[in-house]
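Here the structure comes first, spelled out in structure tokens, and everything after it is commentary.
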Amino acid sequence: GEKSLFEKAGTGCDDYEILCAVPPGSVEGFVKAAAEADVAVAHVGTVTEGIEGPVFMERGEERRFGAGSFSHF
């Protein structure tokens with residue numbers, strides 16, 4: 001069937017923003033430095049231990065997709 005817009009955004013092939021992981025103890029400093037550099041940042045998730053594929057939250061409900069995102073390699 002047709003993929004929802006949310007699913008397309010989560011598994012599509014176009015990347016237009018930089019994604020990074022920041023250790024929990026460094027988040028406050030990271031956000032402050034970004035603001036001083038006039039760079040907007042948004043918390044989009046948390047990395048957890050395990051081998052399961054990504055789980056997304058949409059309007060408070062878990063979403064899992066059968067296919068992963070596009071791989072360039």
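Just so it is clear, the structure is predicted and the values come from calculations on it, not from any experiment.
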Item to check | Non-neighbouring partners of V39 that pass side-chain contact (heavy atoms from CB on, under 4.5 Å), sequence neighbours left out | outcome: A34, A37

Item to check | For E28, salt bridge (charged side-chain N to carboxylate O under 4.0 Å, His left out) partners two or more places apart | outcome: none

Item to check | Fellow cluster residues of F30, listed by chain then number, with links counted only when side-chain atoms sit under 4.5 Å apart | outcome: V22, V27, V31, V41

Checklist outcome for this item: Residue set satisfying side-chain hydrogen bond (donor to acceptor under 3.5 Å, both in side chains) with E62, at least two apart, ordered chain then number -> R64

Checklist entry - Hey, are the side chains of V55 and T48 touching, using non-hydrogen atoms and a 4.5 Å cut-off? => result no

